[in-house]
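Read the structure below first, then the notes.
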Amino acid sequence: MHIRTGISTNRGNRKLNDVFRETQDDTTEADSVCPIFLFFSVNWSGQFVGVAEMIGRVDFVKTLNFWLIEDWNGFFPVKWHIIKDIPNRQLSHIITESSEPVTRTRDMQEIGLQQGLEMLNIFKNYTVMTSMLDDFNFYKKREQSLRAKRNSVRAT
């Protein structure tokens, strides 16, 4: 099992923590735990990048200084099930209960079981040669550049 941490906005983390707590409280010892699957996308990338399962509560105390945006705090453990790039055009036909394509969902927006199963099926069967793992060097360089700009502004 590979366990990593996820991160969202403070509002998103509160919502996730509430849902996680509710699913744990509703589960009796005889029941199996109701999994919470998260579909990850990167803003403005035009794609989804993976599916992970939330496996623990949000830790609101833990912080790491690797995000430039101050809104990101708290961490939660996830188990990655699928990591691959899925272009939005492969998923845009899936419509949420609010009549929006899943490709227009917002941070921590819940989708229905049928939509989630259809998305999982696409993730499972879509053949692709790239994943977010290929993009880390790009984002690392971009982050370094943004930090340098921010530090030069603070110095003046």
Side-chain angles (χ1 to χ4, degrees), residues 1-86 88 91 94 96-98 100 102-124 130-151 153-154:
M1 173 190 317
H2 299 282
I3 300 174
R4 301 290 182 258
T5 56
I7 189 165
S8 177
T9 62
N10 194 27
R11 179 179 166 272
N13 280 343
R14 284 193 312 271
K15 185 175 182 177
L16 267 179
N17 203 51
D18 290 345
V19 169
F20 188 82
R21 190 175 52 244
E22 287 171 20
T23 61
Q24 301 307 304
D25 292 346
D26 290 345
T27 303
T28 65
E29 287 184 30
D31 292 334
S32 61
V33 176
C34 177
I36 299 170
F37 288 100
L38 306 170
F39 295 94
F40 285 85
S41 66
V42 176
N43 285 343
W44 305 104
S45 69
Q47 63 189 11
F48 278 75
V49 296
V51 180
E53 180 180 352
M54 185 178 183
I55 58 171
R57 294 178 189 243
V58 177
D59 180 346
F60 290 98
V61 177
K62 187 175 184 180
T63 59
L64 292 174
N65 187 22
F66 58 77
W67 292 106
L68 286 176
I69 302 171
E70 304 295 329
D71 292 345
W72 308 92
N73 64 357
F75 295 85
F76 52 91
V78 298
K79 177 182 176 183
W80 284 97
H81 290 280
I82 302 172
I83 299 174
K84 65 167 96 170
D85 295 340
I86 307 291
N88 281 351
L91 302 164
I94 303 171
T96 67
E97 287 84 7
S98 60
E100 292 261 88
V102 294
T103 54
R104 291 198 179 170
T105 56
R106 301 291 178 250
D107 185 39
M108 297 307 134
Q109 183 174 335
E110 213 171 318
I111 62 170
L113 177 61
Q114 289 306 104
Q115 292 92 342
L117 290 173
E118 189 172 354
M119 288 181 73
L120 280 173
N121 193 43
I122 291 169
F123 263 94
K124 177 184 163 200
T130 60
S131 77
M132 66 178 164
L133 302 175
D134 301 320
D135 302 330
F136 280 130
N137 283 335
F138 167 80
Y139 287 110
K140 181 180 178 181
K141 288 177 185 175
R142 184 173 150 223
E143 189 79 11
Q144 290 170 339
S145 173
L146 290 171
R147 274 188 204 279
K149 287 179 186 177
R150 182 174 67 176
N151 290 338
V153 168
R154 285 184 181 167

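From a predicted model like this one, the values you see are computed outputs, not experimental measurements.
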Considering all heavy atoms of both residues, which atom of [X] and which atom of [Y] are nearest to each other, and what is their separation?
{"X": "K124", "Y": "K84", "result": "O-NZ, 3.6 Å"}
{"X": "V102", "Y": "F48", "result": "O-CZ, 3.7 Å"}
{"X": "W80", "Y": "M132", "result": "CH2-CE, 3.5 Å"}
{"X": "F39", "Y": "I111", "result": "CE1-CD1, 4.0 Å"}
{"X": "I55", "Y": "K79", "result": "CG2-CB, 4.2 Å"}

If we only count heavy atoms from C-beta on, is the [X] to [Y] side-chain gap below 4.5 Å?
{"X": "L91", "Y": "I86", "value": "yes"}
{"X": "I122", "Y": "I94", "value": "yes"}
{"X": "E53", "Y": "L38", "value": "no"}
{"X": "N13", "Y": "F76", "value": "yes"}

So, taking the atom named [atom1] in [X] and the one named [atom2] in [Y], what distance separates them when rounded to the nearest 0.5 Å?
{"X": "R21", "Y": "L16", "atom1": "CZ", "atom2": "CG", "result": "11.5 Å"}
{"X": "F20", "Y": "C34", "atom1": "CZ", "atom2": "SG", "result": "10.5 Å"}
{"X": "Q114", "Y": "E97", "atom1": "CD", "atom2": "CD", "result": "10.0 Å"}
{"X": "N88", "Y": "S41", "atom1": "CG", "atom2": "OG", "result": "7.5 Å"}

For this session: Could you tell me whether E110 atom CD has more than 12 heavy atoms of other residues or ligands within 6.0 Å of it?
Result: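 Open: at most 12 neighbouring heavy atoms sit under 6.0 Å from CD of E110.
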
Exercise. With the threshold set at 4.0 Å, does a side-chain nitrogen-carboxylate oxygen contact exist between D18 and K15?
Worked result: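 Answer for the salt bridge query: no.
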
For this session: Measure from the side-chain N and O atoms of T105 to the backbone N and O of Q109, and report whether any donor-acceptor pair falls under 3.5 Å.
Result: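 Not confirmed, T105 side chain does not pair with Q109 backbone.
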
Problem set entry | Under 3.5 Å donor-acceptor, N17 side chain and V58 backbone |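 Present.
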
Exercise. Under 6.0 Å between the ring centres of F123 and H81?
Worked result: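 When the ring centroids of F123 and H81 are compared, they turn out to be at least 6.0 Å apart.
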
For this session: Could you check D85 against S131 for side-chain hydrogen bond (donor to acceptor under 3.5 Å, both in side chains), going step by step and ending with a plain yes or no?
Result: CA-CA 5 Å; D85 295 340; S131 77; 5.7 Å; no

